[in-house]
Amino acid sequence: MKSFLDDNFLLQNKFAEELYHNYAKHQPILDYHNHLIPQQVAENINFENITQAWLYGDHYKWRALRANGVPEKYITGDATDKEKFIKWAETVPFTVRNPLYHWTHLELQRYFDIHELLTAESAERIYEEASAKLRTPEFSVHGLLNRMNVEVICTTDDPTDDLRYHQEFAKQDVGFKMYPAFRPDKAMNSDDLDSFNEYIDKLAAVTDFTIESISDYLSALKSRHDFFALNGCKVSDHGLSYAYSEDFTDEEIRLIFIKIRAKRPLTEEENLQFKSAMLVYLAEWDHEKGWVQQYHLGPLRNNNTRMFEKLGPDTGWDSIGDFPQAAHLSKFLNRLDTNNQLAKTILYSINSTDNETFAAMTGNFNDGTIAGKIQFGSAWWYHDQKIGMTNQINTLSNLGLISKFVGMLTDSRSFLSFPRHEYFRRLLCNIFGEDIQNGELPDDLPWIGKIISDICYHNAKEYFNFSGKE
């Protein structure tokens, strides 16, 4: 019987062990999509305790706590940080076979050298030890990222963000880079006209534009796209139900925007036309600048109305949607490709039943100009766990070129979540190791090892044109 979380965790044979320890383990981390707070990075803060670093904003853990019958007081409520941690510790033993069980103990080991299981009995001891370390200079935000060999992080930023903290951080020499990512979801969300007009007014104030027409709006938004590029941005990101692909004309969008500014209700078709147009305009700008565009598709958000009204978005009430994807995605990508304006693109699916659809779709638009130009992205959200990662790797292997894959990301709000890269790398190496063991791949570790190293690091560095530590 193997020991829990030993050096060869998830590695089932000698080939997997050699691939991981010699080719994957020591590769730097390029975390090209996360939700870290730029101010905390720029100011190199120290967290007062492990609850602040670990439980604040982590809706993965919040959902587990609720499922275990923990009252909201100890999750997002007014309980003390120590009380919240103890409730989490009491919950952890009940997360067995959930990825949280592995992540929790990997993070305790990798950051704090704590190899004890987190339980109700060990809770106070672990809370005090980890919190004491977090208050030291070595465990500042910069220290945590450097401890994990992080070379690049890309945050997720609204077009109206002033990027002041990215600018402040760019002047620092701390061993890793932080770039903004352009996330214009609010800039095309015409579902709620009151909120959307508030957003347009905010954009007008930020850019000092008068926005009365669609031309004004696009000029203001394009100025922010340009501003992000001047501040090192190399990627955009969209969180959508599906890729909007309604036919539209410029004149139709001109008239629709007049209705939006007048707060006159849009028809369903007009709403979809506007979103479709915005998606195309934004993608054309991405292509112009050579950015990578990312599309996170399929979540069904804010399912619990009562709790959404109480706590707001991104608090643990989102799930997997079953939206139709293939035809919309094909039409959207084809429009851009037809006009030779299709940028490097990563497609992420939250619904595993769409894995083959997404992986096959990439092959339609890989035109030979760039290796891996259109990517089937890493296992996302509910699927960044053992089965989900394995399925994504196998699907991409079967329908595309896993050798050109740009690898894993955290998609996290926590500075303690970077062992997710290790988790992915171990699973990746085990899959290849099992193929060698079974005679399905040759026993050529230098070549297979190169493929592993490329997936873990080199492919992403070239694809995103990251400068890293150079």
Side-chain angles (χ1 to χ4, degrees), residues 20 23-47 50 52-54 56-58 103 106-113 130 133-134 136-157 165-166 168-181 231-235 237 292 294 346 377-378 380 384 389 405-428 452-470:
Y20 176 71
Y23 296 97
K25 180 178 181 179
H26 299 293
Q27 295 297 333
I29 288 175
L30 303 173
D31 199 56
Y32 52 86
H33 174 67
N34 61 63
H35 298 274
L36 299 177
I37 299 174
Q39 181 178 357
Q40 294 178 337
V41 179
E43 296 179 352
N44 192 24
I45 69 162
N46 280 87
F47 294 102
I50 190 173
Q52 293 181 3
W54 219 16
Y56 280 23
D58 191 338
W103 294 348
L106 271 176
E107 290 162 15
L108 287 174
Q109 286 190 16
R110 297 299 178 263
Y111 289 98
F112 305 105
D113 198 26
K133 288 181 177 178
L134 284 168
T136 66
E138 294 77 15
F139 284 78
S140 68
V141 161
H142 293 179
L144 294 173
L145 292 171
N146 285 320
R147 187 176 294 269
M148 291 295 105
N149 197 20
V150 175
E151 190 171 284
V152 169
I153 57 173
C154 291
T155 58
T156 301
D157 309 280
Y165 296 109
H166 291 85
E168 290 179 10
F169 179 79
K171 300 172 185 176
Q172 304 175 26
D173 182 13
V174 297
F176 64 91
K177 302 285 187 180
M178 177 173 68
Y179 301 116
N231 283 276
C233 184
K234 301 170 185 290
V235 296
D237 181 51
V292 174
Q294 304 177 86
I346 307 178
S378 62
W380 172 44
D384 53 1
M389 290 183 193
F405 182 37
V406 294
M408 191 55 183
L409 45 82
T410 64
D411 189 32
S412 177
R413 291 166 171 78
S414 171
F415 291 94
L416 299 184
S417 65
F418 284 82
R420 291 185 193 181
H421 283 265
E422 174 186 339
Y423 200 81
F424 165 81
R425 293 174 180 186
R426 287 177 178 272
L427 287 169
L428 177 72
I452 294 294
S453 297
D454 286 347
I455 295 169
C456 294
Y457 175 70
H458 297 287
N459 287 347
K461 185 159 188 175
E462 181 176 356
Y463 186 77
F464 291 95
N465 192 29
F466 286 143
S467 60
K469 297 178 180 178
E470 296 176 1

Original post:
Which heavy-atom pair separates Phe424 from Met389 by the least distance, and what is that distance?
Top reply: CA-SD, 3.7 Å
Original post:
So which of Val292, Ile153, Ile346 actually passes side-chain contact (heavy atoms from CB on, under 4.5 Å) with Tyr32?
Top reply: Ile346
Original post:
Under 3.5 Å, side chain of Thr156 to main-chain N/O of Ala181, donor-acceptor pair present?
Top reply: no
Original post:
Quick one: side chain to side chain contact (heavy atoms under 4.5 Å, CB included) partners of Ser453, sequence neighbours excluded?
Top reply: Tyr23, Gln27, His458
Original post:
Are Phe415 and Phe47 side-chain neighbours, meaning at least one heavy-atom pair lies under 4.5 Å?
Top reply: yes
Original post:
Taking everything shown except Gln109 itself, do over 12 heavy atoms lie less than 6.0 Å from its CD?
Top reply: yes
Subject >> Donor-acceptor contact present, side-chain Asn34 to main-chain Thr410, <3.5 Å >> reply: no
**OP:** Enter the distance from Asp113:CG to Lys133:NZ here, rounded to the nearest 0.5 Å.
**Re:** 5.5 Å
Subject >> Geometric class of the Tyr179/Phe466 ring pair [parallel <30°, tilted 30-60°, perpendicular >60°] >> reply: parallel
Original post:
Do Trp380 and Asp411 pass the side-chain contact (heavy atoms from CB on, under 4.5 Å) test, and can you show the C-alpha distance, the side-chain angles, and the key distance before you say yes or no?
Top reply: CA-CA 8 Å; Trp380 172 44; Asp411 189 32; 3.0 Å; yes
Original post:
Is a donor on one side and an acceptor on the other found under 3.5 Å between the side chain of Thr155 and the backbone of His35?
Top reply: no
Original post:
Looking at side-chain heavy atoms only, is the closest gap between Trp103 and Asp384 below 4.5 Å?
Top reply: yes
**OP:** With ring-ring contact (aromatic ring centres under 6.0 Å, His included) as the test, would you mind laying out the steps for His33 and Phe464 before giving the verdict?
**Re:** CA-CA 12 Å; His33 174 67; Phe464 291 95; over 10 Å; no
Original post:
When rounded to the nearest 0.5 angstrom, what is the spacing between CZ in Arg420 and OG in Ser378?
Top reply: 10.5 Å
Original post:
Does Arg147 count as lying over the ring of Phe112, i.e. NZ or CZ under 6.0 Å from the six-ring centre, within 45 degrees of the axis?
Top reply: no
**OP:** Applying side-chain hydrogen bond (donor to acceptor under 3.5 Å, both in side chains) between Ser140 and each of Asn44, Asn146, Asn46, report the one that passes.
**Re:** Asn44
Original post:
Going by heavy atoms in the side chains, are Arg425 and Lys25 under 4.5 Å from each other?
Top reply: no
**OP:** Indicate the atoms forming the closest heavy-atom contact of Ala53 with Leu416, along with that distance.
**Re:** CB-CD1, 3.9 Å
Original post:
So among Met148, Arg426, Met408, which one has a side-chain contact (heavy atoms from CB on, under 4.5 Å) with His421?
Top reply: Met408
Original post:
About how many Å separate CG of Asn231 and CE of Met178, when rounded to the nearest 0.5 Å?
Top reply: 10.5 Å
Original post:
Side chains of Ile50 and Leu108: closer than 4.5 Å at any heavy-atom pair?
Top reply: yes
Subject >> Heavy-atom closest contact (Cys233 atom, Val235 atom, distance) >> reply: SG-O, 3.1 Å
Original post:
So do the side chains of Gln172 and Phe169 get within less than 4.5 Å of each other, counting heavy atoms only?
Top reply: yes
**OP:** Hey, could you give me the CD1/CD distance between Ile37 and Glu43, rounded to the nearest 0.5 Å?
**Re:** 11.0 Å
Original post:
Does Gln40 reach the side chain of Tyr165, with side-chain heavy atoms less than 4.5 Å apart?
Top reply: no
Original post:
Any side-chain donor-acceptor pair under 3.5 Å between Glu151 and Tyr457?
Top reply: yes
Original post:
Once you round to the nearest 0.5 Å, how far does CG of Asp58 lie from OG of Ser412?
Top reply: 6.0 Å
Original post:
Which pair of non-hydrogen atoms, one from Glu107 and one from Ser417, has the smallest distance, and what is that distance?
Top reply: OE2-CA, 3.7 Å
Original post:
Tell me, do Tyr20 and Ile452 make a side-chain contact under 4.5 Å, heavy atoms counted?
Top reply: no
Original post:
If you take all heavy atoms of Gly232 and Pro180, which pair is closest and at what distance?
Top reply: C-CD, 4.3 Å
Subject >> Heavy-atom side-chain contact between Leu145 and Ile29 under 4.5 Å >> reply: no
**OP:** Indicate the atoms forming the closest heavy-atom contact of Phe176 with Val150, along with that distance.
**Re:** CB-O, 3.2 Å
